[in-house]
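Computed from a predicted model, the values in this text were never measured in an experiment.
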Amino acid sequence: MGAVAKTSILGLTNKILQELNEPAVSTIVNSTTGMAFRVMNNIDSTLQKMYRAFGWSFLEGEDTSLATTAGTRYVTLPTSINEHFLIGVHLLNHATPASADESVPLLQISYDEWVSWGFELTPDSAVDANQRGTPIYFMIWQGRMYLYPTPDNNPDDSAVGYSIKIHSKTNYAALSRTATTTTSQLPFGFEDVLCHGVLANMQLSINPGLASSYKQLYDEGVSELISDYALSNQFQLRL
């Protein structure tokens, strides 16, 4: 159950169009209307719903390392990182991560704590020299990870600073709209369940009875997938 399969939104769209007795499409690039477009949007919304059913466990990402800059109190978070699902943040003793780097956990504090402790959000130019050093705390604010003390150059290697290693669950990303280059990955077993979920949504206004049948297949499929992944201890699967 830990394997993943490559799929495309075009392939999924045509599979669902076939079930709806609609003609297949050769491309959906730049499509903004029509049945294919409706299917495409339903695929994304249903896939997000499935991820939520698993507690976002399939969105867990690889470690991301960001180099600090001496005198700059923050690092900018990549858009792929979901700041609400941080698993761990560590300080590496070099700007370029290496297997031998020491990894020290950083402590997260809230915005209110950050301000009450006097750290403030003043410009970097206003940071006193005595407020620089080896970071101990971090605070997330508007897509930035603020560090305290403000990072300085690494005293063990003045040529480089530090690196912040972030492990988190990534933001949900829609499947690519590019018909020929999509390599989005889904765990095996997800595709059929995903299609049943989309068909359940789309048949609600067309054939409520059929929509109910698809909904039952979807619910049973999600429950089975959750059970299978729990038994195989695959909740840390990375996409």
Side-chain angles (χ1 to χ4, degrees), residues 2 4 44 47-48 51-52 54-176 183-185 233-239:
V4 292
D44 278 328
L47 184 57
Q48 186 176 35
Y51 283 152
R52 288 187 182 278
F54 281 81
W56 298 95
S57 57
F58 297 129
L59 297 181
E60 187 152 334
E62 299 290 343
D63 293 335
T64 299
S65 295
L66 305 172
T68 64
T69 301
T72 299
R73 65 179 62 207
Y74 64 85
V75 292
T76 301
L77 295 176
T79 56
S80 61
I81 289 180
N82 190 320
E83 63 186 64
H84 302 293
F85 291 98
L86 291 179
I87 296 172
V89 177
H90 293 78
L91 182 74
L92 302 180
N93 64 0
H94 290 289
T96 303
S99 58
D101 281 340
E102 180 182 358
S103 184
V104 179
L106 297 182
L107 304 175
Q108 184 172 13
I109 62 176
S110 68
Y111 175 84
D112 289 340
E113 288 177 303
W114 180 273
V115 174
S116 68
W117 288 6
F119 297 165
E120 303 299 339
L121 291 173
T122 53
D124 293 326
S125 59
V127 176
D128 293 333
N130 61 5
Q131 292 181 317
R132 294 188 184 187
T134 303
I136 300 173
Y137 303 102
F138 74 91
M139 184 273 296
I140 305 292
W141 182 251
Q142 295 183 339
R144 293 175 173 178
M145 177 176 288
Y146 286 84
L147 306 165
Y148 187 85
T150 295
D152 210 337
N153 280 327
N154 187 338
D156 297 326
D157 187 349
S158 60
V160 298
Y162 298 92
S163 181
I164 305 299
K165 183 174 72 172
I166 304 171
H167 188 57
S168 73
K169 294 178 181 179
T170 61
N171 280 319
Y172 167 77
L175 290 177
S176 172
T183 56
S184 302
Q185 294 177 313
N233 193 28
Q234 291 295 328
F235 280 99
Q236 299 303 311
L237 176 66
R238 288 169 168 77
L239 289 186

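- By the side-chain contact (heavy atoms from CB on, under 4.5 Å) test, Ser110 pairs with Asp112, Glu113, sequence neighbours left out.
- Minimum heavy-atom separation, Gly133 to Tyr162: O-CE1, 4.1 Å.
- One finds the CG atom of Leu91 at 10.5 Å from the NZ atom of Lys165 (value rounded to the nearest 0.5 Å).
- The ring pair (Phe, Tyr, Trp, His ring centres under 6.0 Å) check on Tyr146 picks up Tyr74, with sequence neighbours excluded.
- Considering all non-hydrogen atoms of both residues, Gly71 and Thr150 come closest at C-CG2, 3.7 Å.
- To the nearest 0.5 Å, atom CD1 of residue Ile136 and atom CG of residue Leu107 are 8.0 Å apart.
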Stepwise side-chain contact (heavy atoms from CB on, under 4.5 Å) test for Leu86 and Phe138 | CA-CA 12 Å; Leu86 291 179; Phe138 74 91; 3.8 Å; yes
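- Residues Leu147 and Arg73 are not in side-chain contact: their nearest non-hydrogen atoms beyond the backbone lie 4.5 Å or more apart.
- Expressed to the nearest 0.5 Å, how far CD1 of Ile140 lies from CE of Met145 amounts to 3.5 Å.
- Interatomic distance, Leu66 CG to Thr76 OG1, rounded to the nearest 0.5 Å: 8.5 Å.
- A distance of 11.5 Å separates OG1 in Thr69 from CG in Asp152, rounded to the nearest 0.5 Å.
- Across all their heavy atoms, Ile109 and Met139 have their closest contact at O-CG, 3.5 Å.
- For Trp117, the ring pair (Phe, Tyr, Trp, His ring centres under 6.0 Å) partners are Phe119, Tyr137, not counting sequence neighbours.
- Across Pro149 and Arg132, no two heavy atoms sit closer than the pair CB-C, 3.9 Å.
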